[in-house]
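By convention in this document, chain letters (A, B, ...) are assigned in the order of the sequence lines, proteins followed by strands, and residues within each chain are numbered from 1.
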Amino acid sequence: MSERVAIVGVGWAGFRPSTPYQSYKELMYEAAVRAYADAGVDPRRDIETFVTVSEDFHEGTSIFDEYTPDQLGGALKPVHTIGGDGLHGLATGYMLVRTGRFSLVTVEAHSKASNILTLPYITAYAQDPVLNRPLRLNPEYIAGLEMHRYLYETDTTPEQCAAVVVKNKRNALLNPLASFAADLTLDEVLNGPPVAWPLGRHEVAPLADGAVVMVLASEEKARLLTDKPVWIRGIGWCNGPASLESRDWADAPHIREAARLAYRQAGIRDPFQEIDFAEVDDTYAFKELQHLEALGICLPGEAGLLTEQGATEPDGEFPVNVSGGSLGVGHLLDGTGLARALEVVLQLRGEAGPRQLEDVEVGLVQSWRGVPTTSGVVAVLSN
Amino acid sequence: MTLLERDPNAPVFWKGNMPVTSRYTFGLAGERFFRAIKDEGRILGTRCPECDITYVPATLFCERCMAELTEWVDAGEIGEVHTYTLLFEDMDGNRLPEPEIVAFVRLGDGGLVHRLGEVELDELYIGMNVEPVFKPAAERTGSILDILYFRPVD
């Protein structure tokens with residue numbers, strides 16, 4: 001049995017600050033139909049099992065697997081819903097193919113953020129009920145605490161973090177799926193309103209609605225379906241010490257470990273040399289820098305310099321978030337990791353339109369589940 | 001408001017909420033931790049002699065080696081500001097009249113997230129020594145809010 005697993009179809013819907021006409025089920029349906037057309041499969045006949053990723057409280061429901069099969073074509077098929085980021089779903093789909101039991105798997109994640117009216121309260125429920133929650137603090141304070149310690153330990157500057165915002169929002173100008181594209185100056189970012197100083201409002205990815213569906217296939221099936229398979233060469237995930245009391249406030253060791261697992265599987269020794277570009281989590285601007293360092297693209301404290309020097313620009317040595325990232329595209333909550341992976345797939349297929357990178361063969365995608373978590377996924381994809 | 005939202009033909013939405021009420025049991029170590037705050041105004045930790053780690057707040061087990069921890073220690077009265085932030089928004093996303101100063105205060109090898117008080121912003125720095133200010137003993141209930149805030153040590 002082949003050990004290779006490919007992404008053979010991708011579809012998306014929404015990618016807007018609000019989608020008042022559509023239900024989340026209709027967003028999922030629209031994305032699924034596109035993914036099945038892209039893969040050239042009939043979901044009712046061909047897809048053998050389905051994975052959806054969601055967080056009940058984001059949906060305003062409980063037991064979300066009751067809400068997912070129909071609009072994906074998954075009724076009366078093996079279906080399960082997992083909590084996590086969309087890339088956790090990609091990892092799960094990968095494993096399902098590798099069991100040998102399934103040759104075609106659907107993975108879905110989405111956001112209907114515009115319907116969530118009390119997000120800080122939901123996020124507060126991910127913190128310790130007796131140690132943290134009674135303080136009644138807007139959960140962005142956790143990002144502020146992390147950013148301040150990150151700057152302190154690595155000598156990264158607020159200007160370098162702001163440079164991430166300028167880059168990603170400018171990249172987004174070439175992405176029709178991006179809702180928050182802008183041509184800003186460093187000063188405009190730095191002089192914006194503070195949220196949790198040193199973290200400013202412009203450095204926080206705004207929320208958007210959207211759905212992403214991917215079809216995964218065994219190598220044998222992929223060869224039959226497409227001449228543009230995108231291979232999942234390695235995928236790893238990790239949770240750090242999660243409590244606020246025992247975590248590392250400056251570093252992201254969970255991403256470091258997830259990357260180690262993914263690189264080992266993909267046979268990557270020097271990610272900066274062997275990988276052509278990356279889509280990484282930029283929920284907060286400083287996270288892009290912290291994540292690049294944890295991914296081993298550079299040493300701690302160097303990502304800000306690389307950004308200032310233009311190395312992570314689309315025409316730089318190692319382009320990062322050509323799509324615009326979550327800062328430019330909008331943050332899709334549980335769907336964010338799959339949105340980053342979508343860009344990597346489009347780039348590797350040569351279908352990224354005006355923002356297409358030249359001669360790319362290996363792409364990196366990384367996700368983080370947001371505050372207060374230390375939960376992340378890393379995958380290496382290639383064409 | 002976007003054009004789409006103003007469209008009279010746009011579908012309505014249904015508003016809902018989830019009436020979730022629950023208990024939480026903090027456990028054997030947590031009970032003793034909060035009892036020491038309430039009765040003695042002390043912050044307790046537990047030590048893993050094998051890993052040489054002092055957990056604050058006290059836990060029943062070492063998350064590194066999974067040993068059960070039986071050695072209780074007083075975390076002391078002075079902690080260090082490990083990182084801090086100025087929080088400008090409340091839980092509803094509204095602007096606060098004055099930002100709240102929130103810190104992670106290092107105690108032992110762990111620490112506590114809490115507010116800072118009696119401090120001037122231009123005097124505050126990472127590494128500053130701070131101490132907890134407790135509510136009067138009679139008003140304490142065995143909660144993290146029995147600590148009003150941390151303040152600089154003279």
Applying a strict 4.5 Å limit to non-hydrogen atoms, the region of B:M18 in contact with chain A is side chain

Name the orientation class of the two ring planes belonging to B:Y84 and A:H148 (parallel below 30°, tilted from 30 to 60°, perpendicular beyond 60°).
-> perpendicular

Considering residues, nucleotides and ligands other than A:F180, do more than 12 of their heavy atoms fall under 6.0 Å from its CZ?
-> yes

For B:E50, look at atom CD and say whether over 12 heavy atoms of other residues, nucleotides or ligands are found less than 6.0 Å away.
-> no

Given the options B:I144, B:D92, B:I126, which has more heavy-atom pairs under 4.5 Å with chain A than any of the others?
-> B:I126

Applying a strict 4.5 Å limit to non-hydrogen atoms, the region of B:F104 in contact with chain A is both

A:N138 side chain to B:D90 backbone, donor-acceptor under 3.5 Å = yes

By number, which residues in residues 117-125 of chain A have some heavy atom less than 4.5 Å away from chain B?
-> A:L117, A:P120, A:Y121, A:A124

Among residues 58-70 of chain B, those lying within the under-4.5 Å heavy-atom range of chain A are B:E63

Side chain to side chain contact (heavy atoms under 4.5 Å, CB included) against A:E188, all qualifying residues, sequence neighbours excluded | A:L184, A:T185

What part of B:L145 gets closer than 4.5 Å to chain A, counting heavy atoms only: side chain, backbone, both or neither?
-> side chain

Given the options A:V130, A:L244, A:N132, which has more heavy-atom pairs under 4.5 Å with chain B than any of the others?
-> A:V130

Looking at A:L199, A:D128, A:L137, A:T61, which makes the most heavy-atom pairs under 4.5 Å with chain B?
-> A:L137

Do you know which two heavy atoms are closest between A:R136 and B:R115, and how far apart they sit?
-> O-NH2, 4.1 Å

Nearest heavy-atom pair of A:E245 and B:G111: which atoms, and what distance?
-> CG-O, 3.1 Å

Would you list the pairs meeting salt bridge (Lys or Arg N to Asp or Glu O under 4.0 Å) in which at least one residue belongs to residues 17-35 of chain B, sequence neighbours left out?
-> B:E31-B:R35

Heavy-atom distance under 4.5 Å to chain B: side chain of A:R201, backbone, both or neither?
-> side chain

Measure distances from A:N115 to the heavy atoms of chain B and classify the residue's part below 4.5 Å as side chain, backbone, both or neither.
-> neither

What residue in B:R95, B:R106, B:H114, B:E100 has the most heavy-atom pairs under 4.5 Å with chain A?
-> B:R95

Is it the side chain or the backbone of B:V56 that comes within 4.5 Å of chain A heavy atoms, both, or neither?
-> backbone

For A:A196 and B:L87 the tightest heavy-atom approach is CB-CD1, 4.0 Å

Is there a side-chain contact between A:W197 and B:L121, using heavy atoms and a 4.5 Å cut-off?
-> no

Greater than 12 external heavy atoms within 6.0 Å of A:F57's CZ = no

Hey, which of A:S243, A:P17, A:G144, A:P129 has the most heavy atom pairs under 4.5 Å with chain B?
-> A:P129

Under 4.5 Å heavy-atom distance to chain A, tell me which part of B:Y55 shows up: side chain, backbone, both or neither.
-> neither

Looking at B:N17, B:V20, B:L86, which one has more heavy-atom pairs under 4.5 Å with chain A than the rest?
-> B:L86

With rounding to the nearest 0.5 Å, note down the distance linking CD1 in A:I142 to OG1 in B:T85.
-> 10.5 Å

